[in-house]
Amino acid sequence: GINAEYGVILLNKMGRGSDMTDLYREIFNSFDLNHNGYLSVRELGKCMKALSTKKSQRYSTKDLKFLIECSDKDEDGQMDIEEFCTMVNITNMVCIEELRNLREVFKSFDLDNNGSINKKELSKCMERLGEQMTSEQCAELIREADQDQDGTMSFF
């Protein structure tokens, strides 16, 4: 959830018909203190604290590094605006422990450890779980989850 300060910004944006990406960009830019186009672990920590509706919510350095690692699509070790938008959307749906569990499940399906799951890997893993799926069923699942249209499922 989003705290009151950012809630007001959100309501104003929604009233003007702006999409969430504009709001996230504004938030990102306000916490990118050195204006380098990336959020450091420290900057992300301040941002997550400000965005949290639970004042008791604390993110450890380990948690913050995990969030950067999970959302780091270009694998440069940093969080840019696009990766930030993805991370915010995900963390609004699941807590960090659920995200860790999902990441472990994903890794167990990623048999060649290349960061994505293809139709063959999905089929093998489902078979191990006792589920027989046709090639077409696997392809359909991949298509539904394939955000970047590369024929595979990525974690984010």
Any side-chain heavy atom of Arg100 sitting closer than 4.5 Å to one from Glu97?
yes
Show your working on side chain to side chain contact (heavy atoms under 4.5 Å, CB included) between Cys70 and Met87 and close with a plain yes or no.
CA-CA 8 Å; Cys70 285; Met87 184 273 307; over 6 Å; no
Taking C-beta and beyond as the side chain, do Met133 and Glu127 meet within less than 4.5 Å on heavy atoms?
no
Side chains of Arg103 and Glu69, heavy atoms from C-beta outward: is any pair under 4.5 Å?
yes
Inter-residue atom distance Ser71.OG - Leu39.CG, 0.5 Å rounding:
9.5 Å
Under a single-linkage definition using a 4.5 Å side-chain heavy-atom cutoff for Ile, Leu, Val, Met, Phe, Trp and Tyr, are Val88 and Val94 assigned to the same hydrophobic cluster?
yes
To the nearest 0.5 Å, what is the distance between CD on Glu26 and CD1 on Ile81?
10.5 Å
Rounded to the nearest 0.5 Å, the CZ atom of Arg58 sits from the CG atom of Leu64 at a distance of 12.0 Å
Go through the steps for Thr86 and Gln147 under the test side chain to side chain contact (heavy atoms under 4.5 Å, CB included), then give the verdict.
CA-CA 11 Å; Thr86 300; Gln147 296 177 345; 5.7 Å; no
Give, for atom CG of Leu111 and atom CG of Leu122, the distance between the pair rounded to the nearest 0.5 Å.
10.0 Å
Working for salt bridge (charged side-chain N to carboxylate O under 4.0 Å, His left out), residues Glu140 and Arg143:
CA-CA 5 Å; Glu140 180 59 27; Arg143 263 193 303 280; 2.9 Å; yes
Short question: side chain of Glu104, backbone of Asn101 - any donor-acceptor pair under 3.5 Å?
no
Considering all heavy atoms of both residues, which atom of Ile142 and which atom of Gly151 are nearest to each other, and what is their separation?
CG2-O, 3.3 Å
If hydrophobic clusters are built from ILVMFWY residues whose side chains come within less than 4.5 Å, do Val105 and Leu141 share one?
yes
If two hydrophobic side chains count as joined below 4.5 Å and joins carry through other members, does Met93 share a cluster with Tyr24?
yes
Measure across Lys119 and Cys138 and return the closest heavy-atom pair with its distance rounded to 0.1 Å.
CG-CB, 3.6 Å
Just wondering, do Glu98 and Cys95 contact through their side chains at under 4.5 Å, heavy atoms?
yes
Whether the side chain of Asp32 engages the backbone of Asn36 through a donor-acceptor N/O pair (distance < 3.5 Å, no angle test) should be reported.
yes
Quick one: does Asp110's side chain get under 4.5 Å of Phe155's, heavy atoms only?
no
Say you draw a straight line from OG of Ser108 to CG of Leu129; how long is it, rounded to the nearest 0.5 Å?
8.0 Å
Give a yes or no on whether Gln149 atom CD has more than 12 heavy-atom contacts from other residues, nucleotides or ligands under 6.0 Å away.
yes
The side-chain contact (heavy atoms from CB on, under 4.5 Å) partners of Asp74 (sequence neighbours excluded) come to Asp72, Asp76, Asp80, Glu83
Met79 vs Phe84, test: side chain to side chain contact (heavy atoms under 4.5 Å, CB included). Steps then yes/no.
CA-CA 6 Å; Met79 183 177 284; Phe84 175 75; 3.9 Å; yes
For the backbone of Leu33 and the side chain of Glu43, can you confirm whether one donor and one acceptor N or O come within less than 3.5 Å of each other?
yes
Using side chain to side chain contact (heavy atoms under 4.5 Å, CB included), reason through Leu44 and Tyr59 one step at a time and then give a plain yes or no.
CA-CA 10 Å; Leu44 180 60; Tyr59 290 91; over 6 Å; no
With a 4.5 Å cut-off on side-chain heavy atoms, are Tyr38 and Ile68 touching?
no
So Leu102 and Phe106, do their side chains get closer than 4.5 Å, heavy atoms only?
no
Measuring from atom NZ of Lys65 to atom OG of Ser60, what distance do you get when rounded to the nearest 0.5 angstrom?
9.5 Å
Heavy-atom side-chain contact between Arg25 and Asn29 under 4.5 Å
yes
